[in-house]
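Step one of this worksheet: look at the structure below.
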Amino acid sequence: MYNFEIALALEELADLLEFQGEDFFKIRAYRQAARTLARHPVPVVEVYRQKKLAGLPGVGKNIAAKVSELIEKGYMNKLEELRRQVPPGVREMMALPGVGPKRARLFYDHLGVQTLDDLYRAAQEKKLRRLPGIGSKTEFAIRQHIERLKETPSIHLLNLARLLAREMIAYLGELPGVQRVEITGGTRRWEETVSDLDLLVQTTDWETLAEALRSHPRVVEILEKDENRLQVQTLWGLPLEVLRAAEDNFWPLLVYSTGNKAHLQKLQDFFARRGWHLCEEGVKPLAGVAAEAIAPLPQWQDEEQVYRELGLQYIVPELRQGGEELVLAAAGVLPRLIETGDIKGDLHVHSDWSDGGASIEQLAERARQKGYEYLAITDHSQSLKVARGLSIEQLQEQYRQIDRLNAGFSDFTLLKGMEVDIKMAGELDYPDEILEQADVVVASVHSGFQQEMPAMTRRIMQAIENPHVDIIGHLTGRMLGQRPGYQLDVEKVLELAGKCGKILEINSSPERLDLSPPHVRRALEHGAKIAVNTDAHDLQRLEEIEYGVAVARRAGLTREQVVNTLPLADLRHILRR
DNA sequence: GCCGTTTTCGGCCCGACTGTTTTCAGTCG
């Protein structure tokens, strides 16, 4: 059981208790414990085995007992009980913007609303506006949010898909008869979000594989099964599709199942030139073509060979988008893309001085283990109270500590940073003489998301114009699957960033992945610079750099186009400090 | 429910925004 699964159970417990009107502080205690466990750098199951659960911050006797129960029995009695008591759609209702526990309760008590559908109907029938504190505006907003939710196909975050992929590949790879298992589809292309996880297997024993899947602890049921395809429902809600390939068509099928559609469409032209056609059975002679125009089919040895046979450079999955990649591959001029190993340091990380879970020492140690040359500590600024933003005095104390720590390093440097809030009117949350003391200043928006486009655009442009600002953090503010970004004229902002020689961040957090690849390309075209940062709030999430690097790769970036691949001296030159 | 050189009770972070009100409740980050 993963830490995040345990944390999710505690979160659900907190949500349901909140609906029941339980004491605010008790609920917060559950949420705090959930956060602690989610962020804990070693598996919580391990902590449980050592009987040290109750020693974790925010975890006392009671929560330790509940977590132990979950680990031992696979369920929590209290949670099961609450699930029986609380109507089924409550959590979905509470997830709607503008609806919290109080309003969900209000709808339930007065209108008997139990599900999102109930709520939608009540809104349509204009019943909500009759309730205390609810007007026509709120009613309309709720209707719209539910409509939007229904229109959006269910999407899943990439990190969840990749985690399940790792687990399933390890599991399936051990089965008798299984010769190969590869991740494929959108997950292999490192798409921002995925609709499912696709795996391609080569096995001599399909039945055993199906049986093994059925009994896997994270599999709910097998929805469909035929000769070459298994459709599986998993515990995480992420659909799993297992495709079967024979030995002689595994590599073509890997290309076929990886996609994307537009890439394959263009690729078919190259197959056709050899008298071939790629389909779900592999590479076949093209129908209606004279035999002499059909090139002999080779024995496929690996995926690279498929592209090579077509006269193309190998195209990595991240680039298979149906854009210019085939033209570049045909000309042999595909760039060598940036890799995770090229990253020399992270320029956006939070410590436990603000809302992070790890100390500066721990972060530095992990960064050094990762082979980084530098790490910027960028805690929140003073006005962001919920994130325990640092006062000027705290910030200066932190910088003194960083100086002390740096004195002990010979091959590594902690950079004095900050993630300074861009406030409502575009002013920054620390005065210039404080900004000046930092090695690196990340400026980001964390409030007033509802601003209209001109105001928000001006606001961020003003921050860019401040000579002390180096990097704009998570530019659009989007949260994948949760909320779109704020209203912003991205083009104008990128143009100004280019003029001012500023750096735009690719935020690696799988919930954000902000900038998107098209924005990354536009930023570069305008002459702005790019950094790949994690925005990590704990040790584990320093590893998420690979997701940001994937965004950079999908944008076609080389190492040279990302500033934090530079050695420190060169980076400092860019930071002009 | 957790925590404690303020230690077994009584605290536990807050400020802005929105839509609804006529002074505020609920939500959000």
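Residue numbers begin at 1 in each chain, while the letters A, B, ... track the order of the sequences.
- Here A:Leu56 lies in heavy-atom contact (under 4.0 Å) with sugar-phosphate atoms only.
- With sequence neighbours excluded, the residues that form a salt bridge (Lys or Arg N to Asp or Glu O under 4.0 Å) with A:Lys370 are A:Glu543.
- The existence of a salt bridge linking A:Glu495 and A:Lys492 is excluded, since no basic side-chain nitrogen approaches an acidic carboxylate oxygen closer than 4.0 Å.
- Ionic pairing of A:Asp15 and A:Arg91 is present here: one or more N-O contacts between side-chain nitrogen and carboxylate oxygen are shorter than 4.0 angstrom.
- Sorted by residue number, the list of members of residues 354-363 of chain A with any non-hydrogen atom under 4.0 Å from DNA chain B is empty.
- A:Glu511 places its CD atom 13 Å from the P atom of B:dG29, with the value rounded to the nearest Å.
- Remark: A:Glu80 engages A:Arg83 in a side chain to side chain donor-acceptor pair (under 3.5 Å) (not counting sequence neighbours).
- Distance A:Glu18 CD to B:dG26 P: 12 Å, rounded to the nearest Å.
- As a whole-Å value, the separation of A:Arg103 CZ from B:dG19 P is 10 Å.
- Nucleotide B:dT27 holds its C1' atom 19 Å from the NE2 atom of A:His446, rounded to whole Å.
- Look at the C1' atom in both B:dG10 and B:dG15: the space between them is 25 Å, to the nearest Å.
- Among residue pairs with one or both ends in residues 97-107 of chain A, those qualifying as side-chain hydrogen bond (donor to acceptor under 3.5 Å, both in side chains) are A:Arg105-A:Asp109; sequence neighbours excluded.
- Between A:Tyr30 and A:Pro97, the residue anchored nearer the 5' end of DNA chain B, judged by the nucleotide with its closest heavy atom, is A:Tyr30.
- Following rounding to the nearest Å, A:Leu37 (CG) and B:dC2 (P) show an atom-to-atom distance of 11 Å.
- DNA chain B lies under 4.0 Å from at least one heavy atom of each of the following residues of residues 120-147 of chain A: A:Gly133, A:Ile134, A:Gly135, A:Ser136, A:Lys137, A:Thr138.
- Here the separation of B:dA25 from B:dT20, taken at their C1' atoms, is 9 Å to the nearest Å.
- Of the C1' atoms belonging to B:dC13 and B:dC3, the separation is 16 Å, rounded to the nearest Å.
- For residues 417-465 of chain A, the set of pairs meeting the ring pair (Phe, Tyr, Trp, His ring centres under 6.0 Å) definition, not counting sequence neighbours, comprises A:His380-A:His446, A:His446-A:His474, A:Phe449-A:Tyr486.
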At under 4.0 Å between heavy atoms, how does the protein contact nucleotides 11-17 of chain B? Give one character per nucleotide, 5' to 3', with B, S or -. -BBB--S

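- Only the P atoms considered, B:dT22 is 24 Å distant from B:dA16, to the nearest whole Å.
- Sorted by first then second residue, the ring pair (Phe, Tyr, Trp, His ring centres under 6.0 Å) pairs that include residues 31-59 of chain A, not counting sequence neighbours, number zero.
- For A:Leu235 against A:Val220, the heavy-atom pair with the smallest separation is N-CG2, 3.7 Å.
- The shortest side-chain heavy-atom distance between A:Thr115 and A:Met93 does not fall under the 4.5 Å cut-off.
- To the nearest whole angstrom, the two P atoms, one in B:dT18 and one in B:dT23, are 22 Å apart.
- Atom CD1 in A:Ile71 sits 11.0 Å away from atom CD in A:Glu5 (nearest 0.5 Å).
- With sequence neighbours left out, the salt bridge (Lys or Arg N to Asp or Glu O under 4.0 Å) criterion links A:Glu69 to A:Lys73.
- Taking atom CD1 on A:Ile27 and atom C1' on B:dT27, their separation rounds to 14 Å, with Å as the unit.
- Residues in residues 74-133 of chain A take part in these ring pair (Phe, Tyr, Trp, His ring centres under 6.0 Å) pairs, two or more places apart or across chains: A:Phe19-A:Tyr108.
- B:dC17 sits 25 Å from B:dC12 when the P atoms are compared, rounded to a whole Å.
- The stretch residues 78-93 of chain A has no heavy atom under 4.0 Å from DNA chain B, so no residue of it qualifies as close.
- With rounding to the nearest 0.5 angstrom, the CG atom of A:Leu17 is 9.0 Å from the CZ atom of A:Arg31.
- Judged purely by distance below 3.5 Å, without hydrogens or angles, the side chains of A:Gln487 and A:Gln450 never pair a donor atom with an acceptor atom.
- The nearest whole Å value for the distance from the CZ atom in A:Arg478 to the P atom in B:dG29 is 17 Å.
- Between B:dG1 and B:dT8, the two C1' atoms lie 14 Å apart (nearest whole Å).
- Counting to the nearest Å, the C1' atom of B:dG29 and the NE2 atom of A:His537 are 12 Å from each other.
- Using Watson-Crick or G-U wobble geometry with both donor-acceptor distances under 3.5 Å, B:dC9 finds its partner in B:dG4.
- A search for salt bridge (Lys or Arg N to Asp or Glu O under 4.0 Å) contacts involving A:Lys344 returns nothing, not counting sequence neighbours.
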